[in-house]
Amino acid sequence: MRYSKFFIPSLKEDPKEAVLKSHKLLLRAGFVRQLSGGIYTYLPLGFKSLKKLEDIIRQEMNLAGAVELSMPFVQPLDIWRQSGRDEDYGKELLRFKDRQDRDFCLAPTYEEVITDLVKRNIKSYKELPLTLYQIHLKFRDEMRPRFGLMRAKEFIMKDAYSFDADDAGLDKSYKAMRKAYENIFKRLGFSFKFIKAEAGEIGGSYSEELMVFSEYGEDTIVLCDNCGYSASIDDANSVSDYHGPLESCRQPKMTKLFTPDKKSVEDVSAYLKVDKTCFAKTIIYETEIGFVAGIVRGDREINEHKLKKAAGVKNLFLAKEADVERVTGAPCGFAGPFGLNDVRLIVIDEEINNSEYWITGANEKDAHMANVKPERDFMPDVVANIRSVQTGDKCVRCSGSLSVKNAIELGHIFKLGDKYSSILDAKFLDEKGEFKFFVMGCYGIGVGRTLQTLIEVFSDESGINLPVSVSPFTVAVVSLNTGDEGIVGLSEKIYSELKSFGMDILYDDRKLSAGVKLKDIDLIGIPFKIVIGNRTIKDKKYELSIKNGNIKEVYGNLESLYKRVIELSKVEGFFEP
RNA sequence: CGGGACGUAGCGCAGCUCGGUAGCGCACUUGCUUCGGGAGCAAGGGGUCGCUGGUUCAAAUCCAGUCGUCCCGACCA
């Protein structure tokens, strides 16, 4: 492909709407453009990369025995009314009417359609198991689309659905998909892990999320360095073996401490010269049952998800400052667990209950209280694990050391059981001639999100650095001086010869200065680059640059250059020096 | 949906406090020179200042509303 004939609107400067590195690069390298919030055009370059990524997914799905199809993006709302998810999905389901005034929606997912399809066409256990998949659009009217393709309203997803005669069959289908996912993400070069998850909107009995580690991931997960235990920060537990504040900060009896203007644990700890672990901090939340106080150690954070569960509430958010003042009788920053007005529940973390001698707010301006003991000085209603795991905590399984990492969820696999088949009355005849509901599983990969995550994880200061298998082009030929016949002639020759070997090649024939062209190639991140300039002609040597590792190789003749390029193009991930 | 910020040329921004001729860099067009890491000189083109209304002799600038984009929170691939 000639650069001059391709459409690559690259940007020199960071667009202001992007925050994330990968989002900036997607825009700068001319991979995508936003049409409206959460709605994107894939430009030729991004589209080419996307297709390569899809092919990898397709290969592994096919290998696992899944069969590809394509379902309608526009769906009659009736089918959603039947499954009851019309209401469940709420505003995320974008609805509209056709000219006959019938209700339709844009597909946020495809369980209804696939279940209906299989119900109408599969009658016997002899036709099972069956796994169908598609790579296709979904639309969810997200309340807040953000970070480019990471959370878009319209997005591309690979979704697969398995149909089995019984649970044992489902286990097999599930395992096959799980293995396919492992293959896909290994081929892409990701460092990843499956994490058990709560099923959410899709529902079902068991599900795992495929998480890829990345500093900027929106999800937080906990890993054990020793036994491999892993869980979402909302589910993860750590050993509670804390035996209370240090000797040095224990007071023999309840003592009021003067702490002028010191509100945060940080400030009070510095002011009193007492370790943060000696504090019990009291946070007031507003919920549908009234105010709830959550108490954890001073150096800890409350996990609101856990607190919700422990308190048995659905909605929970930090109380407004005015409410905190009313409830505690003191300005924000001096809350303690005793003498609270109008608090329905006091929930304390296990660690707090394990011990005494706590320093807490005194519910009085500019004062804290030492030697506060649960059950003597205040009555906890619930004792539970409501703290977030921190790096260094002990693993509940093996007492190894836990670490907390950010990750991006790229896949989610579910055992659905008969959730949809029973609602939609999808049955087949088993060997005994009895009707049974299909036992289903469903398996998703966010394809657009995966592309962006590849860029997030694999990029350097100069630009994108994708694995060879998903880079939009494998090799670039850059003609530095388009005014020189010798250079142009040689560039054309190399371009057409490499093309004849079936190489996916971008030939930069633009009449621009050398710097601009080289920067663009680096930004797009083409793994291998052949630069033709005066030097090439003068020295009769051919230079091949490898982006990963910033390596330059020089060849004395075209045959050996071609041989090397062909060899390199077969690398699946990155060329490793 | 709650909280915050921003909308001025294709892109990135200044101008707005204190109302009076719309500006800078990059990009673009033409010519000449240059040609291994975002070239130089010369000449040029391009903006209803997001939109609507109000105040005013006069609005990019002040006021109100509205739309859009982004960030933080509750949800998710």
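Reminder, nothing fancy here: chain letters follow the sequence lines and each chain counts from 1.
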Suppose we screen for side-chain contact (heavy atoms from CB on, under 4.5 Å). Which residues come up paired with A:Thr474, at least two apart in sequence or across chains? A:Lys52, A:Val468, A:Asp504, A:Phe528, A:Ser569
Among residues two or more places apart or on two chains, list those pairs meeting side chain to side chain donor-acceptor pair (under 3.5 Å) that have a residue in residues 5-17 of chain A. A:Ser10-A:Asp520
Using atom P in both nucleotides, what's the gap between B:U52 and B:A14 to the nearest angstrom? 24 Å
What distance, rounded to whole Å, do you find between the two C1' atoms, one in B:U66 and one in B:C6? 16 Å
Roughly how far apart, to the nearest Å, are B:C57 and B:U48 at atom P? 27 Å
Positions of residues 148-161 of chain A (non-hydrogen atom under 4.0 Å from RNA chain B), listed by number: A:Met150, A:Arg151, A:Ala152, A:Phe155, A:Met157
Can you check whether any acceptor in the base of B:C11 is under 3.5 Å from a donor in the side chain of A:Asp14, or vice versa? no
Report all side-chain donor-acceptor pairs from residues 481-489 of chain A shorter than 3.5 Å, counting only partners two or more places apart or in another chain.
residue, atom, partner, partner atom, Å
A:Asn481, OD1, A:Gly483, N, 2.8
A:Asp484, OD1, A:Gly486, N, 2.8
A:Asp484, OD1, A:Ile487, N, 3.0

I'd like the C1' distance from B:U69 over to B:G50, given in whole Å. 11 Å
Got a sec, which residues hit side-chain contact (heavy atoms from CB on, under 4.5 Å) with A:Ser513, two or more places apart in sequence or on another chain? A:Val516
Distance-only donor-acceptor hits, side chain of residues 214-222 of chain A, under 3.5 Å, sequence neighbours excluded:
residue, atom, partner, partner atom, Å
A:Ser214, OG, A:Tyr216, N, 3.4
A:Glu218, OE1, A:Arg151, NH1, 3.2
A:Glu218, OE2, A:Arg151, NH1, 3.3

Residue pairs, two or more places apart or on separate chains, that pass ring-ring contact (aromatic ring centres under 6.0 Å, His included) and touch residues 1-28 of chain A: A:Phe6-A:Phe473
Which value, in whole Å, describes the distance between the P atoms of nucleotides B:G46 and B:U30? 16 Å
Does anything in residues 456-466 of chain A pair up under salt bridge (charged side-chain N to carboxylate O under 4.0 Å, His left out), and if so which pairs, sequence neighbours excluded? A:Asp460-A:Lys547
For A:Arg564, what residues pass the side chain to side chain donor-acceptor pair (under 3.5 Å) criterion, not counting sequence neighbours? A:Glu553, A:Tyr555, A:Glu567
For nucleotides B:U34 and B:C24, find the distance between their C1' atoms and express it as a whole number of Å. 26 Å
Between B:G25, B:C1, B:C75, which nucleotide has the shortest distance from any of its atoms to the side chain of A:Lys91? B:C1
Has A:Lys405 got its NZ or CZ under 6.0 Å from the middle of the six-membered ring of A:Phe213, at an angle within 45 degrees of the ring axis? yes
What nucleotide, of B:C75, B:G7, B:C71, holds the atom closest to the side chain of A:Lys308? B:C75
When the P atoms of B:C72 and B:C51 are compared, how many Å lie between them, rounded to an integer? 29 Å
Hits for ring-ring contact (aromatic ring centres under 6.0 Å, His included) against A:Tyr495, two or more places apart or cross-chain, chain-then-number order -> A:Tyr507
I need a per-nucleotide contact map over nucleotides 34-41 of chain B, read 5' to 3'. Cutoff is protein heavy atoms under 4.0 Å; write B for the base, S for backbone only, - otherwise. -BBBBS--
Selection: residues 36-66 of chain A, any non-hydrogen atom under 4.0 Å of RNA chain B: A:Ser36, A:Gly37
When rounded to the nearest Å, what value does the distance between P atoms of B:G40 and B:A27 take? 8 Å
Within a radius of less than 6.0 Å around CZ of A:Phe73, do more than 12 heavy atoms belonging to other residues, nucleotides or ligands occur? yes
